[in-house]
2 protein chains.
Amino acid sequence: MRIPRANSREKILAAAADVAREAGPGSLSLDAVASRAGVSKGGLLYNFPTKAKLMQGLVESYLSDFQKALEARAIEAGHEGVLSAYIKLSADDCERPKPSASWMFSAIAEDPDFLTPIKAFKRQLFERLKGETDDLGSLLVCFLAIEGMRSMNLFDSDVLSEDERRLLVSSLLKIAG
Amino acid sequence: MRIPRANSREKILAAAADVAREAGPGSLSLDAVASRAGVSKGGLLYNFPTKAKLMQGLVESYLSDFQKALEARAIEAGHEGVLSAYIKLSADDCERPKPSASWMFSAIAEDPDFLTPIKAFKRQLFERLKGETDDLGSLLVCFLAIEGMRSMNLFDSDVLSEDERRLLVSSLLKIAG
DNA sequence: TTGACAAGACCGTCCAGCCGGTACAGTAAA
DNA sequence: TTTACTGTACCGGCTGGACGGTCTTGTCAA
């Protein structure tokens with residue numbers, strides 16, 4: 001019954017994200033992921049020898065997806081600059097009602113150091129944005145506001161209404177110029 | 001050996017926060033909290049019958065501390081308005097090198113619904129700020145930027161340098177002013 | 001072309017350990 | 001006597017992980 005040559009890694013990663021989102025970050029167990037992915041626990045452990053490796057895989061795929069999406073937007077936006085691309089990308093990400101990265105809480109519970117690559121990525125992005133503008137103050141406000149928007153989405157927070165979010169995004173785009 | 005009439009509840013709450021901060025949110029077990037608080041497990045369960053009650057206690061004390069601090073700042077700041085008070089309070093909170101609310105991740109792992117009171121509080125705060133300004137766009141940017149700052153601190157993120165944080169705060173105060 | 005065989009991908013079971021929670025007898029201050 | 005614990009002993013469930021077996025695919029000599 002086993003399908004040969006299936007790309008199990010991606011299937012497992014997606015399953016892990018699904019489990020964390022739907023059952024809560026505290027319920028991200030290997031058993032749950034395996035059954036969700038349609039894979040035995042042994043098979044899961046074959047692809048990711050430890051839970052830590054699974055988390056690491058989640059972080060890496062998150063980061064590479066993000067980078068790819070950002071690059072695509074940056075090309076698409078062209079002269080408007082990377083900051084605008086980042087704003088729009090984040091706005092779209094936050095449009096989705098359900099947070100797609102609840103697994104991050106599981107990763108933090110496992111070991112807070114899993115966030116290190118994400119922090120490094122953000123710092124790198126910030127440096128890149130710094131080279132694009134001469135008003136550091138505005139950039140900081142913009143960058144942090146996006147961060148706030150993303151964190152609210154992560155926490156599944158409905159503090160802002162849709163209208164408010166739209167207004168926020170347009171205000172940010174105005175600041176970004 | 002028991003100190004009479006000690007306020008164990010607060011001691012336990014503080015111990016729980018300490019454990020989460022120092023050993024990581026995934027290591028917040030009842031045993032760890034009890035031993036950290038210098039209390040037996042029986043004593044801990046006497047004060048908080050379940051782990052969920054402990055989390056709830058953490059959230060409630062966090063919220064009441066926050067509200068008290070904000071009120072104090074608001075009176076202190078006087079005519080400058082609540083938004084300025086909120087900015088300054090958050091800036092000071094984020095000055096502290098170690099995040100004081102890692103327990104929040106433990107709470108989310110336990111049950112994401114523990115955040116509901118916090119979301120409600122934030123919404124309430126936002127409504128209050130809305131009544132103070134006529135430029136909703138600027139308020140949104142400010143509010144979200146603060147949110148971003150707080151979340152970065154929560155994630156123990158050193159993405160921003162001290163200088164950058166200072167510049168951010170002054171930019172925010174300028175927008176708010 | 002075929003057959004042997006190693007490597008790759010995965011299954012299913014088992015286990016030791018930890019965690020939340022219970023139970024209960026004792027104790028010292030108020 | 002009541003309140004507020006201490007301390008110990010215990011339990012059942014779940015979890016991460018180890019392990020041995022199984023099926024599949026690729027390779028290569030005969």
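A note on names: the letters A, B, ... follow the listed sequences, proteins ahead of strands, and every chain is numbered from 1. The figures here come from the full heavy-atom set of this structure, side chains too, leaving out hydrogens, waters and symmetry mates.
- Taking atom CD on A/Glu110 and atom P on D/dT15, their separation rounds to 13 Å, with Å as the unit.
- Distance, A/Lys53 NZ to D/dG16 P: 17 Å, rounded to whole Å.
- At a non-hydrogen distance threshold of 4.0 Å, A/Leu28, A/Ser29, A/Leu30 from residues 24-35 of chain A come into contact with DNA chain D.
- Aromatic rings from A/Phe121 and A/Tyr62 are positioned such that their centres are separated by 6.0 Å or more.
- Aromatic ring orientation, A/Phe155 versus A/Phe105: tilted (interplanar angle from 30° to 60°).
- Rounded to a whole Å, the CG atom of B/Asn7 is 15 Å from the P atom of C/dA30.
- Residue A/Ser8 places at least one side-chain N or O closer than 4.0 Å to OP1 or OP2 of C/dC10.
- Looking at B/Ser106, its side chain does come within 3.5 Å of a backbone N or O of B/Pro25 through a donor-acceptor pair.
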**OP:** List the steps, then state whether salt bridge (Lys or Arg N to Asp or Glu O under 4.0 Å) holds for B/Lys53 with B/Glu110.
**Re:** CA-CA 11 Å; B/Lys53 293 275 181 192; B/Glu110 185 78 10; over 6 Å; no
With 3.5 Å as the limit, what N/O pairs link the protein to nucleotides 12-14 of chain C?
residue	atom	partner	partner atom	Å
C/dG12	O6	A/Gly42	N	3.4

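- More than 12 heavy atoms of other residues, nucleotides or ligands sit less than 6.0 Å from atom CD of A/Glu132.
- Using a cutoff of 4.0 Å between basic side-chain nitrogens and carboxylate oxygens, A/Arg36 and A/Glu22 are scored as salt-bridged.
- Regarding contacts with the backbone of C/dC10, every side-chain N or O of A/Tyr46 stays at 4.0 angstrom or more from both OP1 and OP2.
- Salt-bridge annotation for A/Lys88 and A/Glu76: absent, with no side-chain N of the basic residue lying under 4.0 Å from a carboxylate O of the acidic one.
- Between the CG atom of A/Leu45 and the C1' atom of C/dC15 there is a distance of 14 Å, given to the nearest Å.
- Taking a cutoff of 4.0 Å between a charged side-chain nitrogen and a carboxylate oxygen, B/Asp92 and B/Arg73 qualify as a salt bridge.
- In this model, the phosphate group of C/dC10 is approached by a side-chain N or O of A/Asn47 to a distance below 4.0 Å at OP1 or OP2.
- End-to-end axis angle for the helix from C/dT1-D/dA30 to C/dA30-D/dT1, using five pairs per end and rounding to 10°, comes out at 10°.
- Ring planes of B/Phe143 and B/Phe126: tilted class, angle from 30 to 60°.
- Counting any heavy atom pair closer than 4.0 Å across all strands shown, A/Leu44 reaches no nucleic acid atom.
- Rounded to whole Å, atom C1' of C/dG21 lies 16 Å from atom CZ of B/Phe48.
- Taking atom CE on B/Met55 and atom C1' on C/dG20, their separation rounds to 11 Å, with Å as the unit.
- Electrostatic pairing of A/Lys130 and B/Glu164 counts as a salt bridge here, judged by a charged N lying under 4.0 Å from a carboxylate O.
- Rounded to a whole Å, the CZ atom of A/Arg9 is 13 Å from the C1' atom of C/dA9.
- With rounding to whole Å, B/Leu54 atom CG is found 12 Å from C/dG20 atom C1'.
- Between A/Thr133 and the options A/Leu129, A/Asp135, A/Leu136, a side chain to side chain contact (heavy atoms under 4.5 Å, CB included) holds for only A/Asp135.
- The closest side-chain heavy-atom distance from A/Lys119 to A/Lys122 is not below 4.5 Å.
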